[in-house]
Amino acid sequence: MNPKYRRLFITIFIVLTLGLATKLILMALEDNIVYFYTPNDLIEKFGDTQNIQNKIRIGGLVLENSIKKVDKKTIFIITDKKKEVKVVFDGSLPDLFREGQGIVAEGMFKNNNFIASEVLAKHDENYMPPEVAEALKKNNVWKGDAD
Amino acid sequence: MIPELGHILVIITFVISTMQCCYWLYNLRYTNIDVVRVLQKGSLINFLFIFLSFLILTYSFITSDFSLLIVSNNSHTLKPLIYKISGVWGNHEGSLLLWVLILSAFTFFVSLKDSINSKLLASIIGVQTVILSLFLAFILFTSNPFERVDELPLDGRGLNPLLQDPGLALHPPMLYIGYVGLSVSFSFAVAALVTGEISKDWARQMRPWIAIAWSALTIGIALGSWWAYYELGWGGWWFWDPVENASFMPWLIATALLHCVRILEKKLIFINWTILLSILAFSFSLLGTFIVRSGLLTSVHAFASDPSRGVFILIILGISIGVPLILYSIKSSSFNEEKGNFDIVSKESAILVNNLFLTTATLTVLIGTLYPLFLDAINGNKVSIGPAYYNATFAPIMTPVVFLMAIAPFLNWKKYTDKNFIKKLIFLSAVTLLGGTLLYLIEEKSIFALISGSLSIWLFTGVITDLISKIREAKVKLQNIKQLFFFISKINIGIHVAHIGVAIFLAGVTGEQFYKSEYNVIKKVGDIINIGTKSLKFDKIENIDGPNYNSLMATFTLYENNKFISKLRPEKRFYTNEKSQTTEAAILSDFWGDTYLVLGEGDKKTGWSLRIYSNPLVSWIWAGAFFMAVGGILSVTQKSSRFRNV
């Protein structure tokens with residue numbers, strides 16, 4: 001192939017590929033981003049949980065005495081000490097899931113219940129998910145680690 | 001006293017390497033063999049001193065010298081010896097010393113290559129030494145591994161229990177050999193920009209280094225993923241977590257580079273592109289280090305959240321990426337390319353397409369990794385990007401790469417001359433169609449499962465077909481070992497092995513992604529759980545003491561068709577010293593897949609919650625990675641294909 005045509009050919013091919021990739025990326029970003037809220041943010045932003053269609057993440061503390069087991073399902077309440085959200089989860093809980101622990105739940109709302117597909121907590125006792133820590137500090141309900 | 005010696009050695013090496021950089025720059029215009037000799041000696045000294053310093057740190061860990069801050073923070077007298085040693089790099093400061101050790105080793109070994117022309121070699125050593133000196137400064141000013149404690153503690157704080165694992169002891173060194181190994185091709189590229197010297201020999205000399213780094217990186221990533229699979233107890237092997245992506249991006253670019261440099265070995269075309277890729281590959285390694293180590297992300301990898309370190313890494317990043325890119329923009333137009341015509345259907349074209357798609361795929365990973373950080377910085381929105389994003393972007397872009405991987409090796413350089421090409425294509429399509437139909441009949445899953453499975457068959461058949469036709473062309477009889485070795489020396493067997501590795505990997509991914517099943521149950525001792533043809537009997541649950549933990553261990557017996565297969569013992573471990581808990585899944589692996597059993601919460605009365613995964617072909621994922629790495633190493637032993645048209 002003549003170098004002149006080759007260059008043209010390569011350029012067209014690159015433009016096409018990058019264009020297609022950009023399109024894919026934009027579409028994927030639109031559909032697959034999961035936003036993080038604390039219960040309070042959630043109520044402030046959406047008012048009613050019925051308005052929330054997308055998959056989201058909710059972070060906060062597990063409310064004391066709120067954990068209940070019904071069959072294989074675990075029901076508990078996430079709180080940021082201002083507002084609360086009831087979470088239903090039927091998977092297996094992480095090692096350090098317990099009352100008072102900072103956690104993040106990912107899932108969707110269904111009839112005002114948050115049906116979680118995943119519950120995240122880290123393996124360290126002192127660990128607080130960074131989003132949760134920041135949100136709680138903002139609301140002045142948690143001061144952070146002693147050190 | 002001994003740790004101070006380690007510290008002094010690092011200081012001396014910093015001084016020597018900085019002087020070496022000045023010496024190199026001063027003599028840049030008049031480089032001759034004498035300059036190279038001086039730089040070679042310097043590299044040897046740097047390597048020896050850092051090695052000694054590293055030994056001293058290791059010694060402090062083995063003898064549990066808690067007067068050292070990082071030892072007391074990361075080790076414990078009761079810890080098994082292997083984890084005392086791996087504890088050396090299980091923390092920020094020590095892992096940096098390991099990084100520098102590997103860098104000085106690579107610099108030393110490349111400096112011995114007298115076959116490289118001396119002008120180029122001097123600059124390669126020079127650039128390596130600049131990086132070495134930057135990282136030594138980083139250690140000395142922000143992360144001294146030999147810092148003492150004010151008050152001697154009674155015992156150490158121990159290592160994060162998640163990191164006390166044999167697979168993970170090797171993961172950081174392998175990964176670092178990969179990351180740091182890419183500095184060599186980076187230095188080749190910068191040296192070419194500085195000296196203006198570029199030739200086919202430049203490409204030939206550079207390729208083995210890329211291949212070594214690439215193979216080590218492959219193993220390092222695979223070890224990390226394997227660890228996540230059995231240690232985290234989620235049954236997954238890849239989570240598109242930013243720290244995983246940080247290691248995956250340099251791998252993708254290095255893969256592109258490994259292919260691209262083969263064009264340059266043949267003919268001096270695409271010089272600029274090759275140089276750019278070499279710079280990018282190492283830049284992504286550094287970017288990975290920055291993302292992982294700066295505390296921007298929270299994970300087991302983020303040891304330090306000292307902001308001054310982040311800033312320092314950012315400065316190193318700026319210098320190591322910025323300066324070469326500026327040089328590139330000035331000098332890259334001055335290279336004279338050969339006139340190189342090639343057909344659309346030729347090896348050159350195939351490699352270009354490979355490069356375009358691999359870099360585009362890297363771009364999608366980059367955007368997925370950085371977008372949440374970007375959004376947080378812009379308006380404080382916290383978002384996460386999960387596997388769904390990558391399935392929608394990365395997967396479709398990589399599909400044509402695998403598709404072409406099967407047929408590109410059939411093609412010849414420059415010209416479309418292979419009359420059998422169409423025949424081979426028809427054969428491939430027939431086999432794939434047959435395999436795909438079979439797959440569909442066995443168990444109907446989604447269209448994506450079908451595509452992914454068929455691609456694996458397509459690639460596998462492609463590589464075998466290519467190998468057979470090469471055997472025919474080579475006209476050697478394969479009757480004894482000697483002839484076999486003769487044959488292997490005639491063809492680039494590394495390519496076949498690596499590509500078979502991809503086919504095996506893809507088969508594993510297909511099995512794990514689309515054919516796995518998960519069961520959540522609550523059972524008491526004595527209960528039996530049925531999973532397909534297999535059944536699990538809950539024998540007992542008991543407390544057991546380990547060396548530095550207490551364990552709650554359950555015992556199960558696995559039967560298949562009522563025949564005894566094996567005992568399975570999932571555990572929950574409580575590391576008393578570190579005050580944390582880990583879940584140890586019980587995994588039974590065989591050729592066709594894994595049975596993966598996790599013990600959850602519970603008690604005697606209500607029973608224990610259990611999670612059971614059946615993961616078909618999952619070990620093929622790591623077997624595939626292993627084949628890829630072996631292929632990479634084999635391609636190093638392959639002499640340059642200068643005289644051959646394969």
Side-chain angles (χ1 to χ4, degrees), chain A residues 1-3 5-6 9-10 13-14 16-38 41 55-57 59 69 71-74 90-98 104 106 118 120 122-135 138, chain B residues 160-162 232-234 269 297-300 337 339-344 346 349 352-353 356-357 360-361 363-364 367-368 371-372 375-376 380-394 396-397 400 518 520-522 572 578-583 598 600-601 606 609-611:
Chain A
M1 195 179 10
N2 184 315
Y5 286 114
R6 188 177 79 204
F9 213 79
I10 292 176
F13 196 65
I14 290 175
L16 275 180
T17 314
L18 286 181
L20 196 70
T22 316
K23 177 81 186 151
L24 281 175
I25 290 171
L26 289 178
M27 269 164 50
L29 282 181
E30 202 166 304
D31 298 342
N32 298 314
I33 279 193
V34 183
Y35 280 85
F36 171 90
Y37 303 100
T38 64
D41 290 348
K55 196 181 220 189
I56 58 165
R57 284 185 170 194
K69 299 244 178 191
D71 290 331
K72 284 173 213 160
K73 287 189 181 131
T74 311
D90 70 348
S92 166
L93 292 162
D95 282 344
L96 276 177
F97 178 85
R98 61 181 67 139
V104 176
E106 183 175 308
E118 218 178 330
L120 312 163
K122 284 285 162 98
H123 292 253
D124 180 348
E125 262 203 340
N126 308 315
Y127 180 80
M128 185 68 85
E131 304 95 326
V132 178
E134 201 176 304
K138 206 173 65 192
Chain B
N160 183 346
L162 279 175
L232 295 181
W234 300 333
I269 47 175
L297 309 163
T298 317
S299 76
V300 281
E337 300 216 335
K339 276 210 185 96
N341 287 357
F342 54 82
D343 289 351
I344 292 187
S346 66
S349 298
L352 282 184
V353 175
L356 177 61
F357 280 104
T360 312
L363 189 72
T364 65
I367 290 175
Y371 190 69
L375 215 56
D376 189 12
N381 271 339
K382 308 277 183 207
V383 302
S384 59
I385 289 181
Y389 163 83
Y390 297 95
N391 290 342
T393 55
F394 183 78
I397 292 169
E518 183 184 341
N520 278 308
V521 290
I522 296 177
K572 272 187 167 313
E578 291 86 356
K579 292 194 184 61
S580 60
Q581 179 182 350
T582 66
T583 305
V598 183
E601 302 287 331
T606 52
S609 91
L610 302 168
R611 247 176 320 144

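Throughout, protein chains are lettered first and strands after them, A, B, ... in sequence-line order, and every chain is numbered starting at 1.
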Exercise. Passes salt bridge (Lys or Arg N to Asp or Glu O under 4.0 Å), B:E518 versus B:R611? Steps please.
Worked result: CA-CA 7 Å; B:E518 183 184 341; B:R611 247 176 320 144; 5.4 Å; no
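- Side-chain contact between B:V598 and B:T583: present, with at least one pair of heavy atoms (C-beta onward) separated by less than 4.5 Å.
- Note: B:T393 leads B:T360, B:L375, B:T393, B:I269 in heavy-atom pairs under 4.5 Å with chain A.
- For a residue to count as touching a neighbouring chain, one of its non-hydrogen atoms must lie under 4.5 Å from one of that chain's; by this rule A:D31 does not touch chain B.
- For B:L610, no part lies near chain A; criterion is any non-hydrogen pair under 4.5 Å.
- Interface remark: B:N520 contributes backbone and side-chain atoms alike to the contact with chain A (heavy atom separation under 4.5 Å).
- Residue contact with chain B, scored on non-hydrogen atoms closer than 4.5 Å, involves the backbone and the side chain of A:F13 alike.
- Using a 4.5 Å heavy-atom threshold, the side chains of B:L363 and B:I397 count as separate.
- Here the CD1 atom belonging to B:I344 is positioned 11.5 Å from the CG atom belonging to B:L352, to the nearest 0.5 angstrom.
- Counting heavy atoms from C-beta outward, A:I25 and B:Y371 have side chains that stay 4.5 Å or more apart.
- With values rounded to the nearest 0.5 angstrom, B:Y389 atom OH is found 9.0 Å from A:I33 atom CD1.
- Looking at B:F394, neither its backbone nor its side chain comes within 4.5 Å of chain A, counting heavy atoms on both sides.
- If you tally non-hydrogen atom pairs under 4.5 Å between each of B:P372, B:A388, B:A392, B:S384 and chain A, the highest count goes to B:S384.
- Highest contact tally toward chain B, considering only A:A28, A:G59, A:A21, is held by A:A28 [criterion: heavy-atom pairs under 4.5 Å].
- Contacts between A:I56 and chain B at a heavy-atom distance below 4.5 Å are absent for every atom of the residue.
- Annotation: side chain of B:Y390 is not in contact with side chain of A:N32 (no heavy-atom distance under 4.5 Å).
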